Amino acid sequence: MLLDGDRRHVVCLREWGGASILEKRIPIVCYHCSLGCRTLIKVRDDYPIGIEYMKDQPDIVNEHGKLCSKGNAILSLEKKLKRVRHPMKRKENGEFIEISWNRALEIVVEGLNDVKKSPERIAFVGSLRSYNEANYLLQKLARVLGSNNIDSEARFCYLGAGYALLESLGLAASTNTIKSLETADCILIWGHNLAETQPIAFRYVLKARDKGATLIVVDPRFTKTARFSDIYVKLRPGSDLALLNGIMRVIINEVLYDSEFVEKRCEGFDDIRRIVTMYDLEEIERITGVPQAVIIEVARRFANSRAASVIIGTGVTQSSDAKRVTHAIVSMCLMCGHVGKPGAGIYIASGKGNIQGVIDMGVAPDLLPGHRYVADDNWRRYLEEKWGYEVPQEEGLSLLEFIESSERGNIDGIYIMGEDVLHNTPNTERVLKALEKLQFLFVQESMLTPTAELADIILPRTTILESEGSLTNIERRIQWNHRAFTPPKDARPDWWILSKIAGKLGLKGFEYMCQDDVFVEITEIVPQYRSVDLSRIKENVPGMFWPDDYSRILYLDRFSTPNGKAQIKTYKFRVSEEIDERYPFTLITVRYADYT
């Protein structure tokens, strides 16, 4: 066994039919959920033949290199893709014809030039299945063109909760490493079937439980995760905020909160005390269906723990009340001092691959790179100085607002990179009609998705396994994914496509020679990435954490808010939907094995 020239790929010489055959093992990042597990792709003559666990990498998130069913099937899922192999143009009859790259780029540039004078009439969609480099370039392109109309599918499964973390703590990110879970002595899983959808992370929960930690699961459904719980809390769908206010009422009434932590490091405690004492436990039980004794027991177990962690799942993040509920969860952790130390973490458990990287890069209509709001004049001026173009100060439209504006004829065109908007956005029929009304729809995609089938131009992009770049996981771990095998002849990396479009538009500052150049710019622009060394994440399989690769835990001494203090906040409970005789059921989404 030996290493090839770049010292990153393991190379083996094997005997096959009497001849020596070169077999490589390429380190890659699994992109099927936000954990970012590492594994090796075995490649022979540029063809993937299997995977091999990284058993000798102790610092990767997937301990002993183990993978879930999705990770184990990563190659078979890749091979099943209905690939887009060439630039395609849709004719009037709906059929596609192959065209050259030059012609495809010319048509895209013509469309973008047509709306250059009215940038508010164009929108861009980033991708949770693309690298940080591509998402950074897409939002940069949008803003240099004068539009903050940029968003992603994170809108539906992360941003609501992310905004709460940003407002309360200063950053829209989970606070601790996944491994830190095993040092907790209480773990509260709220609205997430972790055992089934992210079993690699659940291993750390079980290790903590084996050491004596209490596992509390809050979910309307009795899931596989709930089977392992010490306390299972079955609440009525949509009553999360009421239950949280009830738990915090007990914590305050019984003086279980950490008064020193609250006084020194938090603001807003008096306001939250006033709100939660508005409801007695009898009323909370009536609203939530959770017995008072259970509410009291959960409050005591959580507050009296040395270190408690909370995992927030899609039961919260995909709800219309995600921000308010997350604010309450964060406040419950803050008042008990369960933030800023080992074993005391707040996690947003998303099922999407590079969702943290998308937020870090500023792929949102109101957020710029680095978790800064568009309204931040100083940060906009900083970006303008770096990019050489004015950055629009008006908040852009969200993904749902793209659809509404398209219906009204206020959006002329949408550029979509690596997302199936038609399939993943609520109300498919409405989205279809809106996309069909556009003057142009440009889709940068590796497979022929339902959205791509509506496009005027399809630009063939490489998949993650066919290209290289950086990905950021749920615990803020930045890892470099190496190209495992060669893409179809006409497929191009996302960064190359966007750079070419910017160049043909006559824009300066997009003259990149490779993805490395883009990453270097990211480390200059995004404050959280400034300590990240490109050569180190390429050579070091476990990657690096932002903003500090040594402590790896956020908020040890101060929060990232302007005054360094966390904001404790909750809301009055409101009933959003009534159940009556005509509509006696509540529909909730379910995540199951093999799909996050």
Side-chain angles (χ1 to χ4, degrees), residues 161 181 184-195 202 205-206 208-209 211-223 225-258 261-262 269 272-273 275-313 315-316 319 321 324-339 343-347 349 568 570-571 573:
L181 282 168
D185 55 5
C186 180
I187 297 175
L188 172 57
I189 301 178
W190 201 292
H192 192 43
N193 186 10
L194 190 69
F202 194 62
V205 174
L206 293 179
R209 190 171 179 273
K211 296 175 185 177
T214 298
L215 176 58
I216 305 169
V217 174
V218 179
D219 202 308
R221 298 171 56 245
F222 188 76
T223 62
T225 305
R227 294 177 196 165
F228 292 90
S229 65
D230 298 290
I231 303 174
Y232 167 58
V233 183
K234 181 180 176 65
L235 78 167
R236 290 196 180 99
S239 65
D240 304 71
L241 187 56
L243 178 58
L244 284 159
N245 284 347
I247 293 171
M248 287 189 284
R249 176 189 172 90
V250 175
I251 292 171
I252 290 174
N253 283 354
E254 297 189 4
V255 198
L256 302 175
Y257 56 90
D258 186 333
F261 187 91
V262 169
F269 185 70
I272 205 172
R273 184 202 300 268
I275 292 174
V276 301
T277 53
M278 292 173 62
Y279 309 96
D280 58 36
L281 290 188
E282 185 177 347
E283 184 177 6
I284 297 295
E285 179 178 351
R286 180 184 60 79
I287 294 169
T288 64
V290 179
Q292 296 178 51
V294 174
I295 297 173
I296 293 170
E297 182 65 15
V298 168
R300 289 173 179 171
R301 292 274 193 114
F302 186 82
N304 289 327
S305 297
R306 172 191 53 81
S309 289
V310 180
I311 301 172
I312 304 170
V316 173
S319 74
D321 220 15
R324 289 156 51 95
V325 173
T326 305
H327 262 305
I329 291 174
V330 172
S331 296
M332 178 182 65
C333 294
L334 288 168
M335 67 169 58
C336 297
H338 293 322
V339 182
I346 302 171
Y347 303 85
I568 293 181
T570 192
Y571 304 84
F573 173 71

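As the structure is a prediction and not an experimental result, all values here were calculated from the model.
In this structure, the side chains of Trp190 and Leu244 come closer than 4.5 Å at one or more pairs of heavy atoms. Within the 4.5 Å cutoff, side-chain heavy atoms of Phe302 are placed close to those of Val310. Inter-residue side-chain proximity for Ile247 and Ile284 is flagged as unmet; no heavy-atom pair is nearer than 4.5 Å. Considering only heavy atoms from C-beta on, Thr288 stays 4.5 Å or farther from Phe573 through its side chain.
Interatomic distance, Ile252 CD1 to Arg273 CZ, rounded to the nearest 0.5 Å: 6.0 Å. To the nearest 0.5 Å, the span separating CG on Leu194 from OG1 on Thr223 amounts to 9.5 Å. In this structure, NE2 in His327 is found 14.5 Å from CE in Met332, a value given to the nearest 0.5 Å. Going from atom CG of Asp240 over to atom CD1 of Ile329 covers 7.5 Å, rounded to the nearest 0.5 Å. Interatomic distance, CD1 of Ile272 versus OG1 of Thr570, reported as 5.0 Å (0.5 Å rounding). The CD1 atom of Ile251 sits 6.0 Å away from the CE atom of Met335 when rounded to the nearest 0.5 Å.
Closest approach of Ala213 to Asp230, counting heavy atoms only: O-OD2, 3.6 Å. Nearest approach of Ser319 to Val316, heavy atoms of both residues: OG-O, 2.8 Å. For the pair Leu281 and Gly246, the tightest heavy-atom approach, listed with the atom from each and the gap, is CD2-O, 3.8 Å. The shortest non-hydrogen separation linking Ile311 to His192 is CG2-CD2, 4.4 Å. Across all their heavy atoms, Gly337 and Asp258 have their closest contact at N-CB, 4.0 Å. Residues Gly289 and Arg236 share a closest heavy-atom pair of N-NH1, 3.2 Å.
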*Is there a side-chain contact (heavy atoms from CB on, under 4.5 Å) between Leu181 and Tyr347 once you walk through the steps?*
CA-CA 10 Å; Leu181 282 168; Tyr347 303 85; 3.5 Å; yes
*For side-chain contact (heavy atoms from CB on, under 4.5 Å), just list the numbers for Leu256 and Cys336, CA-CA rounded to whole Å, side-chain angles, deciding distance to a tenth of an Å, and then say yes or no.*
CA-CA 7 Å; Leu256 302 175; Cys336 297; over 6 Å; no
*asked:* Using the rule given for side-chain contact (heavy atoms from CB on, under 4.5 Å), can you reason through Arg249 versus Asn245, listing the C-alpha separation, both sets of side-chain angles and the distance that settles it, and then say yes or no?
replied: CA-CA 6 Å; Arg249 176 189 172 90; Asn245 284 347; over 6 Å; no
*Going through the checks in order, is the side-chain contact (heavy atoms from CB on, under 4.5 Å) test met by Ile189 and Phe202?*
CA-CA 10 Å; Ile189 301 178; Phe202 194 62; 4.3 Å; yes
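Distance alone, capped at 3.5 Å, is enough to place a donor-acceptor pair between the Thr225 side chain and the Ala195 backbone. Looking at Ser309, its side chain never comes within 3.5 Å of a backbone N or O of Ile187 through a donor-acceptor pair. No donor-acceptor pair closer than 3.5 Å links the side chain of Arg300 to the backbone N or O of Glu254.
A side-chain contact (heavy atoms from CB on, under 4.5 Å) with Val233 is found for one member of Val217, Leu188, Val218, Ile295 and no other, namely Val218.
Between Tyr232 and Phe222, the ring planes are perpendicular. Angles over 60° get that label, and only those under 30° would be called parallel.
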